[in-house]
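Everything below concerns the one structure shown next.
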Amino acid sequence: MTESADHKDFVRQIVEEDNASGKWNGVVHTRFPPEPNGYLHIGHAKSICLNFGIAKEYGGKCNLRFDDTNPEKEEVEYVESIKTDIKWLGFDWEDRLFFASDYFEQLYQWAEQLIKNDKAYVCSQTLEAIREGRGTPAVPGTDSPFRNRSVDENLDLFRRMRAGEFEEGEHVLRAKIDMAHKVMLLRDPIMYRIRKVEHHRTGNAWCIYPTYDYTHGQSDSLEGITHSICTLEFENRRPLYDWFCDALEIHHPQQIEFNRLNLTYTMMSKRRLLQLVNDGHVNGWDDPRMPTISGLRRRGYTPESVRSLCAQVGVTKHNATTDMVVLENQIREELNRTADRRMAVLDPVKVVITNYPEGQIENLDAVNNPEDESAGSRQVPFGREIYIERDDFMEDPPKKFFRLGPGREVRLRWAYFIKCTDFVKDDAGNISEIHCTYDPETKGGNAPDGRKVKATMHWVSADKAINAEVRLYDHLFLTEDPDEVEDESLDWKSNLNPDSLRTVSARLEPSLATATEGYRCQFERQGYFVVDKDSTDQNLVFNRTVTLKDSWTKRPDGKK
RNA sequence: AACCCGAUAGUGUAAUAGGUAACACAACAGAUUUUGAUUCUGUUAUUCCAGGUUCAAGUCCUGGUCGGGUUACCA
């Protein structure tokens, strides 16, 4: 736990030092600045928790700002989903919803100012020529032939760029810094490019769009941001962030970089997540296998569990990959405390209790949550024919197998002890029916004579059980690192898990008939499940959020 | 090759004016158990390397090694 004790991560330490020194006069103002070009994923959740969390802890504010400077990839759908996901996580930007596109005019005026101060120029080289002129990290770049245009010419050209007189690629506006700078980003970076594309907010008002580097710091500045917290890959861009704030002589926030969240068996690249969606490897951005916030929500994760993961993983400057089990443990821990227990048989095999009266049904009391007495109890119907899990019976069980087998006695949860007397196989050799006798003395699950059984098994009444579609999810990728491929002809897609979704027809105890979307419970001995939005009156659909820990199937002598 | 950043049990993190290397999860073992779950107890295992300063170095100094990032008119 990194949260325990009084430990503060290095970002919070900086904030506290600044507060102590009066650097920002005690003001703490952060922002979360997503580009609306995809759905938020759990990596963004870490940034959200950091930015909104710090603001809250230090009596500050956190803005939501959409970094929408590249109209080609941005859509309103993404804006809306991002807002939904932040709220779901439990954070609130109040009245501080901003868009970088709100600042286009100001940014443009500043660009003219830089031109007038001979700190920016219109470059008319081709994309390729600009790239070549930039050199390489080891080799200094060479000046653009347009680098020494007069201020008047630059101004004229830039205004005509805005007016739409040129085609895409004809000109760009570049900052005049140093083509030989050791930091590549400072070799006359591009500030504006011509894009004759409709913007999701500004429509066709603009045909020149500012780049990230020219936009971000100034947007922070305009909003009075004090601590501009971003991920490690922006480290190299900090000198540029600083350069623009200094050149413009405007409020200059401090950029601080932290390590992004990586999880095993998945990946966070928005580009690749989009590809999974577009190529149909998953069923949309909110597919329960996706590491998106909406996917996790649909999978059954709670906002609390996502937030506590973010608190657990810590904030450092070190590239780290967190085990997926850490996330899984968060939701197990929470749902163990809070979720109702229910009985569901995912792979049913029929059991006939030969000495139980035909046609008789009795309702038995079942505790809802042994971890929470206030959750009360419910009744489950028991009868002569029931279903149990196919895995819970073995014709020829090994010694370590505790469950049902010929001659063995087990307990049916909240019901009776039953003993297997016989079983029937179908033509294919599969067990089709198991015959047992029950001991009426053991009603409720206790033997008056004190005899013990090794296993307690879940079950449902064959007559009263309801049907449901249950979707069993597993890791999206086979390997911890999706990029780890055996040879170069393969890529990350070759590591997709073909069995990441398995759908089964299950039989559920009847109390589940009224469950509605978002209802979470534990299917005893199986895992935690949530009712999916695909559910209809005719077809109840459950998603498996996570399995229970299982020390049996992991054993070398445990099958599966 | 140049620049920036990083390196502490398997994983993620802590040790903050040099002062007994610790926590969580994982793994393993045992106890409890009407979920092979939960809970409880215990065990294993850590400072990238080499020098140096010091009574004392994860921490400071020097040199190296390894990993990540930068060489987009994306963010």
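Naming convention: chains lettered A, B, ... in sequence-line order (proteins, then strands); numbering from 1 in each chain.
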Less than 4.0 Å between a side-chain N and a carboxylate O, is that true for [Y] and [X]?
| X | Y | result |
| --- | --- | --- |
| E16(A) | R12(A) | no |
| R525(A) | E389(A) | no |
| E74(A) | R201(A) | no |
| K196(A) | E167(A) | yes |

Length of the line joining [X]:[atom1] and [N]:[atom2], which is rounded to integer Å:
| X | N | atom1 | atom2 | result |
| --- | --- | --- | --- | --- |
| M394(A) | rG36(B) | CE | C1' | 14 Å |
| M184(A) | rU70(B) | CE | C1' | 8 Å |
| W552(A) | rA37(B) | CH2 | C1' | 16 Å |
| K270(A) | rC74(B) | NZ | P | 15 Å |
| F402(A) | rU35(B) | CZ | P | 13 Å |
| R403(A) | rA37(B) | CZ | P | 11 Å |
| H216(A) | rA75(B) | NE2 | C1' | 9 Å |

#### Entry: Bracket notation of RNA chain B in which parentheses pair within the strand, [ ] cross earlier pairs, and | pairs with another strand (Watson-Crick or G-U, under 3.5 Å)
.((((((..((((.....[..)))).(((((.......)))))....(((((..]....))))))))))).....
Which whole number of Å gives the distance between the [atom1] atom of [N] and that of [M]?
| N | M | atom1 | answer |
| --- | --- | --- | --- |
| rA56(B) | rG19(B) | P | 14 Å |
| rG10(B) | rC5(B) | C1' | 25 Å |
| rC48(B) | rA37(B) | P | 37 Å |
| rG58(B) | rC25(B) | P | 27 Å |
| rA29(B) | rG64(B) | C1' | 43 Å |
| rU65(B) | rA75(B) | P | 36 Å |
| rG30(B) | rG12(B) | P | 30 Å |

Qualifying residues under salt bridge (charged side-chain N to carboxylate O under 4.0 Å, His left out), relative to [X], sequence neighbours excluded:
| X | answer |
| --- | --- |
| E441(A) | none |
| E223(A) | R65(A) |
| K443(A) | E362(A) |

### Query
Below 4.0 angstrom from OP1 or OP2 of rC74(B), is there any side-chain N or O of R193(A)?
yes
Review item, nucleotides 16-18 of chain B N/O atoms under 3.5 Å of protein N/O:
from, atom 1, to, atom 2, distance (Å)
rU16(B), N3, Q13(A), OE1, 2.8
rU16(B), N3, Q13(A), NE2, 3.2
rU16(B), O4, Q13(A), OE1, 3.4
rU16(B), O4, Q13(A), NE2, 2.1

### Side-chain donor/acceptor of D550(A) to base of rG36(B), under 3.5 Å
no
### Message
Looking at E233(A) and rU70(B), is any side-chain donor or acceptor paired with a base atom of the opposite kind under 3.5 Å?
### Response
no
#### Entry: Residue whose closest nucleotide on RNA chain B lies nearer the 5' end, P33(A) versus Y528(A)
Y528(A)
### Task
Would you kindly compare K46(A) and E74(A) by the position of their nearest RNA chain B nucleotide and give the one closer to the 5′ end?
K46(A)
### Query
Between residues 327-344 of chain A and RNA chain B, which residues have a heavy-atom gap below 4.0 Å?
N329(A), N336(A), R341(A)
#### Entry: Close approaches to RNA chain B from residues 253-268 of chain A, in residue order (heavy atom, under 4.0 Å)
N259(A)
### Query
Hey, mind stepping through Q255(A) and E257(A) against side chain to side chain donor-acceptor pair (under 3.5 Å) and telling me if it holds?
CA-CA 7 Å; Q255(A) 176 176 312; E257(A) 309 88 13; 3.1 Å; yes
### Query
For every nucleotide of nucleotides 5-11 of chain B, 5' to 3': is a protein heavy atom under 4.0 Å from its base (B), only from its sugar-phosphate (S), or from neither (-)?
SSSS--S
### Heavy-atom check, side chain of V546(A) versus side chain of L335(A), under 4.5 Å
no
### Query
Under 6.0 Å between the ring centres of F104(A) and H199(A)?
yes
#### Entry: Ring-ring centroid check F234(A) Y241(A), cutoff 6.0 Å
no
### Query
F244(A): what forms a ring pair (Phe, Tyr, Trp, His ring centres under 6.0 Å) with it, not counting sequence neighbours?
Y214(A)
### Summary
Exactly one of D391(A), V351(A), D392(A) clears side chain to side chain contact (heavy atoms under 4.5 Å, CB included) with M457(A), and that residue is D392(A)
### Query
S144(A): what forms a side-chain hydrogen bond (donor to acceptor under 3.5 Å, both in side chains) with it, not counting sequence neighbours?
Q125(A)
### Query
Quick one: side-chain hydrogen bond (donor to acceptor under 3.5 Å, both in side chains) partners of T264(A), sequence neighbours excluded?
none
### Task
Anything under 30° is parallel, anything over 60° is perpendicular, the rest tilted; go ahead and classify Y103(A) against F98(A).
tilted
### Query
When the ring planes of F158(A) and Y108(A) are compared, do they come out parallel, tilted or perpendicular, using 30° and 60° as the limits?
parallel
### Message
Going by side-chain hydrogen bond (donor to acceptor under 3.5 Å, both in side chains), name the pairs with one or both residues in residues 30-40 of chain A, residues two or more places apart or in two chains.
### Response
R31(A)-H216(A), R31(A)-S228(A), E35(A)-N37(A), N37(A)-K270(A), Y39(A)-E77(A)
